[in-house]
Colleague: 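My structure is below; once you've seen it, I'll send some questions.
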Amino acid sequence: MTALLQALDIARRHPAGDSWLLDRVSLEIRAGDRAVVSGPSGSGKTLLLRAAAMLDPIDAGAVLWQGRPIAREAVPRFRAAVIYCHQRPAMLADTVEEALRRPFALKIHRAKKFDRPWMLERFARLGKPDSFLEQPVANLSGGEMQMVALLRALQLDPQILLLDEPTAALDPKTAAEVEELAVDWIERSPDKRALVWVSHDVAQGNRVATRKIYMENGSVKEEG
Amino acid sequence: MAIATIRPLYFCTIHCPLTTNHCPLKSSPPMNTDYIDLQPWQVGIAAALILISGAISLLLRLGLERRLLVASVRTVVQLLLVGWVLEWIFKPNQPWYYVLGMLLFMTIIAGGAAVTRCERRYRGVWLDSVISMGISSWFIGAVAVAAVIQVQRHEQTWYHPQYCIPLMGMILGNTLSGISLGWDRFGDELAQKRGRIETLLALGGTRWEAALGAIQVAVRTGMIPTLNTMMVVGIVSLPGMMTGQILAGMKPESAVLYQIVIMFLIAVGTTLGTVMVVLLSYWRLFTPWHQFIPGRIFPKNGKKH
């Protein structure tokens, strides 16, 4: 089976010197994968995910989507299918509901619609009342923002989610609920979906991962 | 920003010949003496007044004495110099490339000045500023000279410096503020809303969708001073050009017509210049792969990384 997403020998130079931020990293994501990426700060985890979503220019290597390189004009379509969630997500609006609706204003998502019942069901699982929709985003905690950002991505029905420490600011109980939400999303169609999850939490890694990737100094040191 | 933005950069030093005639469009009459020629000692009186500012600076310990001195000397030297250059360019039958050369020089200086006022830079900002300045002002200037004032019908040549140079001076001066405000604000917006822009891109937004908010704010910021000026022109203060023409003996009713023309020219010139510099910087900071590269922006006094 072709990998959904392949990052081949990705290299990225440090802007100031000759050192490498990413040193010929390769990553292959197949359907059903739940890959957890760990490693010390500055080891290139975020940069790898960003490179995989083609958010940063790279100095060498290539990103293939379903076995093919991605043309300029196909990038928005690619990113609608391979969504990178920032560690500190921007809410893009004033209330939770507006934040969740914001992507549908983008050309690429215009055909889709905000599904309120679907969203409220997810809220319930995360222990949030329906009124959470009306919350001003200014009142949200860091963890709640990450939750909103994850739901905002999930509702767009992507193929791959690239999550950058999505539970770093959450209490253990909510973190577990977020994990469950993400894992459940994959389990519903493991033949089409995959997840890459950056996490420092070993226990979380054990719970979520079907694959583990350890990074150091801009390259993958271990995979298993 | 008040009327001061409409700086008659090159105007007041020009002996305006548009005076004796009721119609300013008639072929130029000989230099008249409707205005009082200033003697150096008269200029000296005005210059001496700057001592008041100096005294206040000393009294309140503003520490501005040195700057006042430098600014005063620069004012005198720069204006004498430009007067001398213009005098030379205004000589009858000077070839066209003298005028064009002068305009080109003014454009480059204005393009550079727009960048020096900004807090942020990127590689190519100088070129982008000069290009925006050049295209917008030269287009507006050409319309002004050829279509509005129709210099070619009244003078032997379209490039008659008496019209080209002061008009372009004013258009450039105002476009300068537009370009400078436009890029300054665009850089600010990109830096402040970086997370927002990257989130939009990550969700599948195009570079245009991601940058549009910042582009709108920046262009608006560049345009507003001119709009504000248009709102109060003639009520709160009299524009420099009009004042100059009236001082030189032109009938106020003719002078205001010129001023009205100028207001529209600079409004459009500023808009075009602002939009252009914002778009050019957008193309440099966002790649065709819909990537935003904030690392290309660096502070005024900083290294590139």
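Note on naming: letters A, B, ... go to the chains in the order of the sequence lines (proteins, then strands), and numbering restarts at 1 for each one. Here the structure is a predicted model, which means the values were calculated and not measured.
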Colleague: Examine whether an atom of B/Ile293 lies under 4.5 Å from a heavy atom of chain A, and if so say whether it belongs to the side chain, the backbone or both; otherwise answer neither.
Modeller: side chain
Colleague: Run the side chain to side chain contact (heavy atoms under 4.5 Å, CB included) test on A/His86 and B/Thr199 for me, step by step, so that the C-alpha distance in whole Å, both residues' side-chain angles and the decisive distance to 0.1 Å come before the verdict.
Modeller: CA-CA 7 Å; A/His86 291 80; B/Thr199 300; 3.7 Å; yes
Colleague: So what's closer than 4.5 Å to chain B heavy atoms on A/Arg88: side chain, backbone, both or neither?
Modeller: neither
Colleague: Can you confirm whether B/Phe264 is buried at CZ, in the sense that more than 12 heavy atoms of other residues, nucleotides or ligands lie under 6.0 Å from that atom?
Modeller: no
Colleague: Anything in residues 103-111 of chain A with a heavy-atom distance to chain B below 4.5 Å? Please list those residues in order.
Modeller: A/Pro103, A/Ala105, A/Leu106, A/Lys107, A/Ile108, A/His109, A/Arg110
Colleague: Looking only at non-hydrogen atoms, find the nearest pair between A/Pro76 and B/Gly204 and report the distance.
Modeller: CB-O, 3.2 Å
Colleague: Taking heavy atoms only and a threshold strictly under 4.5 Å, list by residue number the residues of residues 133-165 of chain A that touch chain B; give 'none' if the list is empty.
Modeller: A/Arg152, A/Leu156
Colleague: Looking at A/Lys192, I'd like to know if its NZ atom is crowded, meaning that more than 12 non-hydrogen atoms belonging to other residues, nucleotides or ligands lie closer than 6.0 Å.
Modeller: no
Colleague: Any side-chain to backbone donor/acceptor pair from A/Arg79 onto B/His290? Under 3.5 Å, distance only.
Modeller: yes
Colleague: Using a 4.5 angstrom heavy-atom cutoff, name the option from A/Ile83, A/Asp56, A/Leu55 with the most pairs to chain B.
Modeller: A/Leu55
Colleague: More than 12 non-hydrogen atoms from neighbouring residues, nucleotides or ligands closer than 6.0 Å to CZ on A/Arg24, yes or no?
Modeller: no
Colleague: Taking side chain as everything from C-beta outward and backbone as N, CA, C, O, which of these in A/Arg102 sits under 4.5 Å from a heavy atom of chain B? Side chain, backbone, both or neither.
Modeller: side chain
Colleague: Roughly how far, to the nearest 0.5 Å, is CZ of A/Arg50 from CG of B/Leu201?
Modeller: 9.0 Å
Colleague: In terms of heavy-atom proximity below 4.5 Å to chain A, should B/Ile197 be classed as side chain, backbone, both, or neither?
Modeller: neither
Colleague: Can you name the closest pair of heavy atoms from B/Trp289 and A/Ile70 and give their distance?
Modeller: NE1-O, 4.1 Å
